[in-house]
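In what follows, chains are A, B, ... by sequence order, proteins preceding strands, each numbered from 1.
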Amino acid sequence: MVNEIHFLREKLDQQFTGVFEENLIDEIVKTGYLKHIDAGDLLVDIGDEMTHIPLIIKGLVKVIREDQNEEELLLYYLEKGDSCAISYVNCIHHSQSMFRAIADIDTECIMVPVNKIEEWLIKYETWRVFIIDSYHNRLLELVDTIESLAFLKLDERLYKYLKEQVNVTHNKILTITHHEIAQDLHTSRVVISRILKILENKGQIKLGRNRIKVKA
DNA sequence: ACATTAAGTGATT
DNA sequence: AATCACTTAATGT
């Protein structure tokens, strides 16, 4: 038990020192628990009632919106040091999640219980700033994806998507299928294959099975 | 060897 | 840009 607490504190210090004050880190360690999500597993599903807020310690979480036909659209990614402010509001209002959050790779997060959220908002300046910044960041990312949807042609959107994947995975060689890309961008596999081929002919990428190399 | 999944492509809307 | 229909290529059992 004591070991686990030290372990949690270590993880928190790695990601959130300078962000959270000491007393707050103490409280997070006391009331939160560590959760491991394997690649491909769900952190939150559409319709879930939120009881905890995730603070991402390591890994990568993909946040998705789904329509009635089970067709998806990628909204944004959460990385280490991030949280999802949308879930704060869900917690406070006991409303259901509109989004699905899937671990892209093995991910660890600290789950913080709802009842602490509001308490800390009043008690800790750093928590207040963190929550508001988090909300702001999610909003900026959403605006960015809306802009892409509205203003970019699919080929530009796809190339932007590939560059984002490189950033987020820290790897120029993406392990991904055309089908998966099509789902994220809410289009069909055939269309993606075609545009990728054009990008390859232009020398911007190199294609392989389950593999796309993005050239600098 | 056979089945399954990923990717490439022409033709049509 | 989407859909259909079909082919080819790679991978799993």
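Other residues, nucleotides and ligands contribute over 12 non-hydrogen atoms within 6.0 Å of the NE2 atom of H36(A). Heavy atoms of other residues, nucleotides or ligands lying less than 6.0 angstrom from CD of E156(A) number more than 12.
Taking atom CZ of R194(A) as the reference point, atom C1' of dC4(C) lies 11 Å away to the nearest angstrom. Rounded to an integer number of Å, the gap from I198(A) CD1 to dA7(B) P is 17 Å. Separating the CG atom of L207(A) from the C1' atom of dA10(C) is a distance of 15 Å, rounded to the nearest angstrom. Atom CD1 in I192(A) sits about 8 Å away from atom P in dA2(C), given to the nearest Å.
A donor and an acceptor atom sit less than 3.5 Å apart, one in the side chain of R209(A) and one in the base of dT5(B).
Using a 4.0 Å cut-off, no side-chain N or O of S193(A) falls inside it from OP1 or OP2 of dA6(B). Side-chain nitrogen and oxygen atoms of H178(A) include none within less than 4.0 Å of the OP1 or OP2 phosphate oxygen of dT5(B).
Of the candidates dA2(C), dG10(B), dA7(B), dA7(B) carries the atom nearest the T177(A) side chain, counting heavy atoms from C-beta on. Side-chain proximity of V190(A) to dA2(C), dA7(B), dG10(B): nearest is dG10(B). The side chain of K197(A) lies closest to dG8(B), out of dA2(C), dG8(B), dA1(C). Residue R189(A) places its side chain closer to dG8(B) than to any other of dA2(C), dG8(B), dA6(B).
If you check every strand for non-hydrogen atoms under 4.0 Å, S188(A) touches a base.
No donor-acceptor pair under 3.5 Å is formed between the side chain of T187(A) and the backbone N or O of Q183(A).
Residues passing the side-chain hydrogen bond (donor to acceptor under 3.5 Å, both in side chains) test with Y76(A), sequence neighbours excluded: none.
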